[in-house]
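What follows is a set of notes on a single structure, which appears directly below.
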Amino acid sequence: MPTFNSRGLRGSSLEECVNHTNETLRSEGLALIQKIPTPITPVDIDKESRQIRLAYFDKKSTVDYIGAVQGIPVCFDAKECNTDSFPLHNIHEHQMTFMEDFERQDGIAFFLIFFSKREMYYYMRFEEALTFWNRGRSGGRKSVPINELSRDFFFSSSNGYFLPYLDMINQDLDVRRQMEGAT
């Protein structure tokens, strides 16, 4: 069973950027996105500082963030990767199941991936993630090389701390409309 301190602060800089972005979007009235805390059970607490030193996760969490963007329900998970290939083991089956159910309810689910080696952000649409996920589960490649990702969904931070992922949601909506028009 994983423990709280076994994960360290992996992805914390990405999380800080997402949290800052979400607060900015909320204050501007553009979106209301909440960080979903992972339920933990403390096992070892430093009596002097009252800080948790060791804890166990109570249950599997679903996604990192959930909310609404101008009436559109959204959920997403933020992932950080320090190589040019995103390992699919960073995505868990319960997350894919939750996101699939969320999309069935007309929500938008996605992953925000930070390729720290290149300092590039990627908006991975759920449908794209599902394609790579299924490929890996059926014996194919267990990671996604950066060159397999759509150039249209890479983006940069603004002012070094703001992540304009609403632009990517708009692109995602455009792709969905085009797909609906093709059928």
Side-chain angles (χ1 to χ4, degrees), residues 7-28 30-36 38 61-70 72-93 95-96 98-100 102-103 107-137 140-179:
R7 298 201 181 233
L9 294 175
R10 193 174 52 176
S12 64
S13 61
L14 173 60
E15 188 174 299
E16 287 176 26
C17 287
V18 173
N19 292 342
H20 174 77
T21 299
N22 291 342
E23 181 56 33
T24 301
L25 295 173
R26 186 204 57 77
S27 69
E28 293 178 0
L30 297 173
L32 179 61
I33 308 291
Q34 295 283 310
K35 169 86 173 101
I36 305 297
T38 303
S61 64
T62 52
V63 292
D64 291 337
Y65 297 91
I66 196 163
V69 176
Q70 299 179 14
I72 301 168
V74 298
C75 74
F76 64 95
D77 209 72
K79 305 285 187 185
E80 194 162 332
C81 173
N82 64 2
T83 66
D84 284 347
S85 189
F86 177 71
L88 291 171
H89 69 77
N90 287 346
I91 298 175
H92 305 286
E93 188 165 355
Q95 291 176 315
M96 293 300 287
F98 179 83
M99 289 177 149
E100 189 169 35
F102 195 86
E103 290 241 333
I108 296 177
F110 58 94
F111 291 92
L112 281 184
I113 302 171
F114 178 52
F115 289 94
S116 58
K117 181 178 174 183
R118 293 185 182 229
E119 294 197 22
M120 296 170 61
Y121 296 89
Y122 187 74
Y123 175 102
M124 183 179 284
R125 300 172 56 247
F126 174 73
E127 186 173 302
E128 180 181 31
L130 186 59
T131 298
F132 292 127
W133 176 261
N134 287 336
R135 176 181 76 182
R137 290 188 58 154
R141 189 177 178 122
K142 306 280 190 261
S143 64
V144 182
I146 202 166
N147 63 353
E148 280 192 52
L149 300 173
S150 169
R151 292 282 153 224
D152 295 337
F153 287 96
F154 280 98
F155 64 99
S156 301
S157 65
S158 174
N159 298 327
Y161 212 55
F162 182 79
L163 302 177
Y165 67 82
L166 293 190
D167 296 340
M168 300 298 104
I169 290 174
N170 280 328
Q171 280 185 232
D172 189 349
L173 288 168
D174 288 344
V175 169
R176 291 165 189 254
R177 286 185 204 106
Q178 289 171 1
M179 292 172 65

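Quick note: numbers below take in every heavy atom, side chains included, and nothing from hydrogens, waters or symmetry partners. In this chain, numbering begins with 1 at the start of the sequence shown.
In terms of heavy-atom proximity, K117 sits nearest to N82 at CB-O, 3.5 Å. Annotation for C75 and I66: closest pair CB-CG1, 4.0 Å, computed over non-hydrogen atoms. What you find for A78 and V18 is that their closest heavy atoms are CB-CG2, 4.4 Å. In plain terms, the two heavy atoms of L88 and G136 that are nearest each other are CD1-CA, 4.5 Å.
Side-chain contact, R26 with T24: no donor N or O sits under 3.5 Å from an acceptor N or O.
Residues Y122 and V144 are not in side-chain contact: their nearest non-hydrogen atoms beyond the backbone lie 4.5 Å or more apart. For the pair P87 and C81, the minimum side-chain heavy-atom distance is below 4.5 Å. Contact check for R141 versus E148: side-chain heavy atoms found under the 4.5 Å cut-off. Between I72 and L173 the shortest side-chain heavy-atom distance falls below 4.5 Å. Residues F86 and S143 fail the side-chain proximity criterion, which asks for heavy atoms closer than 4.5 Å. Contact annotation: the side chain of C17 approaches that of Y121 to within less than 4.5 Å [non-hydrogen atoms, C-beta and beyond]. Looking at heavy atoms from C-beta onward, Q95 lies out of side-chain contact with T62 at the 4.5 angstrom threshold. Residues I169 and V74 have side chains in contact (heavy-atom distance under 4.5 Å, counting atoms from C-beta outward).
Among F102, F153, Y123, the one residue that satisfies the ring pair (Phe, Tyr, Trp, His ring centres under 6.0 Å) test with F110 is Y123. Among D152, D174, D172, the one residue that satisfies the salt bridge (Lys or Arg N to Asp or Glu O under 4.0 Å) test with R125 is D172. Each of D77, L130, I113, L112 was scored for a side chain to side chain contact (heavy atoms under 4.5 Å, CB included) with M124, with one residue passing: I113. Residue Y165 is tested with F76, Y65, F154, F114 for a ring pair (Phe, Tyr, Trp, His ring centres under 6.0 Å); the sole match is F76.
The 12-atom threshold is exceeded at CD of E103, counting heavy atoms of other residues, nucleotides or ligands nearer than 6.0 Å.
For R137 and E93, the salt-bridge test passes: some basic side-chain N is under 4.0 Å from an acidic carboxylate O.
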S157 vs F162, test: side-chain contact (heavy atoms from CB on, under 4.5 Å). Steps then yes/no. CA-CA 5 Å; S157 65; F162 182 79; over 6 Å; no

Could you go through the side-chain contact (heavy atoms from CB on, under 4.5 Å) check for L32 and V69 one step at a time? CA-CA 6 Å; L32 179 61; V69 176; over 6 Å; no

Run the side-chain contact (heavy atoms from CB on, under 4.5 Å) check on K35 and E15 step by step: do they pass? CA-CA 9 Å; K35 169 86 173 101; E15 188 174 299; 3.4 Å; yes

